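In what follows, a structure is listed as structure tokens, so that the remarks can point back to it.
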Amino acid sequence: TPVVGETADWGLNDIYRSALLPLHVDEALSKALTRDGVQEGQFGGGAGMTCHQFTGGTGTSSRVVKGEAEEYTVGVLVQSNYGHLGDLRIGGVPIGKLLAQEKEAGSAAAKQSGLGPADEGSCVILILYTAPTDAPMLPHQLTRLAQRASIGLSQVGGHGTARNFSGDIFLAVSTANRPTDQLAGPTPSHAQPRVETWTAAT
């Protein structure tokens, strides 16, 4: 089932003009089915995006999780479009504030705290469990894990997304359980490592 989301790029394009045609949708779906990997950076929906006042776009990350009997891969896709420079943290270090101080020392024009609407956007996070045999997760478990994406986002200063009412989207999916299968999922004790890995991958 195709899932469509958006992050606004009004700094680059006219968002009120319906520029997409059916042929563009068909082309996008065709490429999604045949391409081996995701185009990261300023491609497609990632064009025009920002991240803590740097060039943003689409990015991916993954982690391997040991299950009860086999290993699974947690894949995370993020499309960022938010953030003040001063909010940026990397490894717990307030890198954004340090860079802002350097800018202020070198240029009076850089003393502005933000870029207006450009640094007050939103973030889309898609979390996918995949492996040769996909990790089984029940709907309520996926809901709980999707909520943990906000923890990963906050570790890089992602609270900047809360400066306006442009909502953020956290979507978690697993393709393990088919409609004809008996629903099965991990017990809470076995799901615990996945929760922590999910946050780290985000």
Side-chain angles (χ1 to χ4, degrees), residues 3-15 37-65 73-129 143-173 193-202:
V3 177
V4 179
E6 62 82 23
T7 45
D9 63 347
W10 57 58
L12 181 66
N13 293 307
D14 180 2
I15 63 173
V38 175
Q39 281 188 297
E40 299 188 56
Q42 296 261 311
F43 290 95
M49 303 297 107
T50 65
C51 186
H52 294 280
Q53 297 178 230
F54 292 99
T55 300
T58 304
T60 62
S61 178
S62 63
R63 298 289 188 276
V64 175
V65 183
T73 302
V74 181
V76 177
L77 182 144
V78 175
Q79 189 170 99
S80 64
N81 194 34
Y82 74 92
H84 287 255
L85 175 60
D87 293 328
L88 177 61
R89 302 181 69 87
I90 300 176
V93 178
I95 296 295
K97 290 183 179 179
L98 297 175
L99 292 175
Q101 290 173 2
E102 289 185 4
K103 285 188 176 183
E104 289 178 1
S107 172
K111 291 184 179 180
Q112 297 178 352
S113 62
L115 299 174
D119 56 19
E120 297 177 355
S122 57
C123 189
V124 177
I125 298 178
L126 171 63
I127 310 169
L128 175 66
Y129 259 130
T143 298
R144 292 174 182 172
L145 290 172
Q147 292 168 346
R148 267 59 175 194
S150 61
I151 300 174
L153 189 59
S154 69
Q155 291 178 352
V156 295
H159 61 273
T161 59
R163 286 197 172 92
N164 65 17
F165 294 101
S166 177
D168 305 299
I169 301 173
F170 302 152
L171 177 64
V173 296
R194 301 181 191 178
V195 174
E196 297 171 0
T197 305
W198 204 295
T199 301
T202 304

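Please read all numbers here as calculations on a predicted model, not as lab measurements. Quick note: residue numbers are just sequence positions, from 1. Both backbone and side-chain heavy atoms feed into the values below; hydrogens, waters and symmetry mates do not.
With hydrogens and angles disregarded, a donor-acceptor distance shorter than 3.5 Å links the side chain of Q42 to the backbone of G48. Under the 3.5 Å distance criterion, the side-chain polar atoms of N81 are matched with a main-chain donor or acceptor of T50.
Side chains of F170 and V124 form no contact here, defined as non-hydrogen atoms less than 4.5 Å apart. Here the side chains of D87 and Y82 are not in contact, with every heavy-atom distance at 4.5 Å or above. With a 4.5 Å cut-off on side-chain heavy atoms, T58 and Q79 count as touching. Annotation: side chain of V76 is in contact with side chain of I125 (closest heavy-atom distance under 4.5 Å). Under the 4.5 Å side-chain criterion, counting only non-hydrogen atoms from C-beta, L153 is not in contact with V78.
The shortest heavy-atom contact between A172 and A146 is CB-CB, 3.8 Å.
Among the candidates L99, L88, I95, the single residue satisfying the side chain to side chain contact (heavy atoms under 4.5 Å, CB included) test with H52 is L88.
Partners of T60 under the side-chain hydrogen bond (donor to acceptor under 3.5 Å, both in side chains) rule, at least two apart in sequence or in another chain, are E40.
Going from atom CD of Q101 over to atom CG of L85 covers 10.5 Å, rounded to the nearest 0.5 Å. With rounding to the nearest 0.5 angstrom, the CD atom of Q53 is 7.0 Å from the NE2 atom of H84.
When only modelled atom types and interatomic distance are considered, S150 and R148 share no side-chain donor-acceptor pair under 3.5 Å.
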